[in-house]
Amino acid sequence: KLESLSLFFCDVSDSEQGMKGLSQLTSLTELNLDSRDITDRSIACLAPLLKLKVLDLFSAYRLTDLSALIISGLPELTKLELCGGRITGRALEYLEPLEKLRSLSVAQNTNIGDNGLTLLSANLTDLNLSECRISNAGLDNLSHMINLRSLALVNCERVTRTGIEQVKQDLPALRVVRI
């Protein structure tokens, strides 16, 4: 049975031959759908993939918070890349119930700001907030994330050295900060 599939920049659409066919691959544990054609409707086709542990949706520019709500029904997810879309802090709230999620990248989602960060799971060990609208005040909202080891803040223009030093003090497990 197929466990890992990469459709990196393939022409995947909402058609019967496209995303709907993926819903039949219930043994998948890893799926890469780096595609600008992916929509919320596409993501709905992933709901039957309950064994999925790794989901890569980098470059999914058309995704909204609805996709995060659908993804929250995938209980085995340990790693999620939901980058470059139109998601907001509400999406982070939807992802909170994913108890096994350890690595989350929501890079390039400029609608994510400081407020949504309080809703992130304390179980995360790796978090990528690059190119989100994060400030030093938002970093204060990460203080509950005691297991966080790696934090990416590339091109977060409102984050200063002072904020980075403070988050390092607040999070004792934090070993890597990428700016």
Side-chain angles (χ1 to χ4, degrees), residues 7-14 19 31-44 46 54-74 77-98 101-145 148-168 170-171 174 176-179:
L7 296 172
F8 182 77
F9 277 99
C10 290
D11 185 14
V12 180
S13 68
D14 296 332
M19 291 300 297
L31 180 59
N32 179 331
L33 285 176
D34 283 0
S35 173
R36 294 169 193 208
D37 297 326
I38 300 298
T39 65
D40 292 332
R41 183 174 157 196
S42 305
I43 300 303
L46 303 181
V54 177
L55 181 56
D56 185 342
L57 299 169
F58 196 87
S59 300
Y61 298 111
R62 298 167 64 189
L63 298 184
T64 69
D65 293 343
L66 179 58
S67 286
L69 181 61
I70 296 164
I71 291 166
S72 72
L74 301 173
L77 271 186
T78 59
K79 182 178 181 182
L80 174 61
E81 290 197 32
L82 187 55
C83 303
R86 298 180 302 179
I87 67 170
T88 68
R90 173 151 296 185
L92 303 179
E93 177 182 355
Y94 293 151
L95 298 174
E96 187 179 23
L98 293 172
L101 190 64
R102 297 296 179 265
S103 178
L104 176 63
S105 178
V106 289
Q108 300 173 356
N109 283 286
T110 56
N111 293 322
I112 292 179
D114 295 339
N115 295 336
L117 302 182
T118 58
L119 304 169
L120 288 167
S121 170
N123 295 328
L124 289 175
T125 58
D126 300 289
L127 178 60
N128 186 343
L129 297 170
S130 296
E131 297 184 40
C132 293
R133 293 183 193 258
I134 307 302
S135 71
N136 289 351
L139 295 181
D140 290 342
N141 293 336
L142 300 178
S143 61
H144 67 287
M145 301 182 69
L148 196 63
R149 294 189 309 241
S150 175
L151 176 62
L153 299 166
V154 178
N155 291 331
C156 291
E157 298 169 356
R158 298 174 10 193
V159 172
T160 67
R161 292 257 180 232
T162 303
I164 291 169
E165 292 306 315
Q166 185 61 51
V167 80
K168 286 180 185 177
D170 293 344
L171 302 173
L174 190 61
V176 177
V177 178
R178 287 175 279 148
I179 52 172

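Just so you know, residue 1 is the first one in the sequence shown, and it goes up from there.
Taking Ser105 as the reference, Glu81, Cys83, Ala107, Asn128 meet the side-chain contact (heavy atoms from CB on, under 4.5 Å) condition, with sequence neighbours excluded. Take Asn115 and apply the side chain to side chain donor-acceptor pair (under 3.5 Å) test, not counting sequence neighbours, and it matches no residue. With sequence neighbours left out, the side-chain contact (heavy atoms from CB on, under 4.5 Å) criterion links Leu55 to Leu31, Leu46, Leu52, Leu57, Ile71, Leu74, Leu77, Leu80. Qualifying side-chain contact (heavy atoms from CB on, under 4.5 Å) partners for Arg102, counting only residues two or more places apart in sequence or in other chains: Asn123, Thr125. In this structure, the salt bridge (Lys or Arg N to Asp or Glu O under 4.0 Å) partners of Glu165, at least two apart in sequence or on a different chain, are Lys168. Remark: Gln108 pairs with Phe58, Tyr61, Glu131 by the side-chain contact (heavy atoms from CB on, under 4.5 Å) rule, at least two apart or across chains. Partners of Thr88 by side chain to side chain donor-acceptor pair (under 3.5 Å), not counting sequence neighbours, listed by chain and number: Asp65. Not a single side chain to side chain donor-acceptor pair (under 3.5 Å) links Thr110 to another residue, sequence neighbours left out. Thr78 pairs by the side chain to side chain donor-acceptor pair (under 3.5 Å) definition with nothing, not counting sequence neighbours.
Annotation: the span from Asp56 atom CG to Leu7 atom CG amounts to 11.0 Å, rounded to 0.5 Å. Expressed to the nearest 0.5 Å, how far CG of Leu66 lies from CG of Asp40 amounts to 4.5 Å.
Counting only heavy atoms from C-beta outward, the side chains of Leu139 and Gln166 never approach each other to under 4.5 Å. Two residues are said to be in side-chain contact when any heavy atoms from C-beta on lie closer than 4.5 Å; Ile38 and Leu63 meet this criterion. You'll find the side chain of Val106 reaches within 4.5 Å of the side chain of Leu129, heavy atoms only.
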Candidate pair Leu92 and Leu104, rule side chain to side chain contact (heavy atoms under 4.5 Å, CB included), full reasoning
CA-CA 10 Å; Leu92 303 179; Leu104 176 63; 4.3 Å; yes
Decide yes or no on side chain to side chain contact (heavy atoms under 4.5 Å, CB included) for Asp170 and Leu142, but give the supporting numbers first.
CA-CA 8 Å; Asp170 293 344; Leu142 300 178; over 6 Å; no
Passes side chain to side chain contact (heavy atoms under 4.5 Å, CB included), Ile179 versus Arg161? Steps please.
CA-CA 10 Å; Ile179 52 172; Arg161 292 257 180 232; 3.0 Å; yes
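Note on residues 132-141: no pairs pass salt bridge (Lys or Arg N to Asp or Glu O under 4.0 Å), not counting sequence neighbours. Sorted by first and then second residue, the salt bridge (Lys or Arg N to Asp or Glu O under 4.0 Å) pairs with a member in residues 85-97 form an empty list; sequence neighbours excluded.
Taking each heavy atom of Ser67 and Ile43 in turn, the nearest pair found is OG-CG1, 3.4 Å. Taking every heavy atom of both residues into account, Leu127 and Leu124 meet most closely at CD1-CD1, 4.3 Å. The shortest non-hydrogen separation linking Cys132 to Ile112 is CB-O, 3.7 Å. Between Asn136 and Gly163, the shortest heavy-atom distance links the atoms OD1-CA, 3.4 Å.
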Show me the donor-acceptor pairs within less than 3.5 Å that the side chains of residues 148-159 make with the rest of the protein, sequence neighbours left out.
none

